[in-house]
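So you know, we letter chains A, B, ... as the sequences are listed, proteins then strands, and number each from 1. Bear in mind that the values here come from a model prediction, so they are computed numbers and not experimental data.
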Amino acid sequence: MVMPKSNFNERCYKLLKLVPEGKVTTYSEIAKALNSKACRAVGSAMARNSNLLVIPCHRVIRSDGYIGNYALGADKKAELLIKEGVAVSNGKVKDLGKVLYRFDT
DNA sequence: GGCGTGACCCCAT
DNA sequence: TATGGGGCCACGC
């Protein structure tokens with residue numbers, strides 16, 4: 001039986017897993033879904049990328065539309081997003097409103 | 001057991 | 001429009 005380090009990061013992963021391919025979400029959306037403003041804690045959990053191979057951490061971007069950062073590098077993150085069908089330019093998502101996935105829907 | 005940092009966000013100036 | 005400051009949660013030392 002595996003015990004999670006914290007419920008918080010597991011929540012982030014779970015929500016993130018709900019994001020379909022070709023779509024992205026923001027740290028703030030996840031934080032809000034957790035009923036918290038700890039957008040930093042979300043990123044922190046991803047930074048540890050405990051589940052990089054299990055969680056599409058690259059589908060998480062900033063609210064400004066910028067990709068932000070990534071364990072393997074923002075550049076790699078942009079490439080992955082583009083491959084999934086997300087329009088990315090200069091490290092920023094072009095049609096954020098179109099690819100942004102909301103948990104509140 | 002306490003302080004600082006971090007894949008951030010929002011508001012005010 | 002750009003810059004500064006405050007705030008939130010988890011983790012490392």
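Sorted by first and then second residue, the pairs that involve residues 76-88 of chain A and meet salt bridge (charged side-chain N to carboxylate O under 4.0 Å, His left out), not counting sequence neighbours, are Arg59(A)-Glu84(A). Applying the ring pair (Phe, Tyr, Trp, His ring centres under 6.0 Å) test to residues at least two apart or on different chains, none of the pairs has a partner in residues 81-100 of chain A. The ring pair (Phe, Tyr, Trp, His ring centres under 6.0 Å) contacts involving residues 76-105 of chain A comprise Tyr101(A)-Phe103(A), where partners must be two or more places apart or lie in separate chains.
The side chain to side chain donor-acceptor pair (under 3.5 Å) search around Asp75(A) returns none, not counting sequence neighbours. Residues passing the side chain to side chain donor-acceptor pair (under 3.5 Å) test with Glu29(A), sequence neighbours excluded: none.
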Review point. Could you run down nucleotides 6-13 of chain B 5' to 3' and tag each one B, S or - for protein heavy-atom contact under 4.0 Å?
Key: BBBSS---
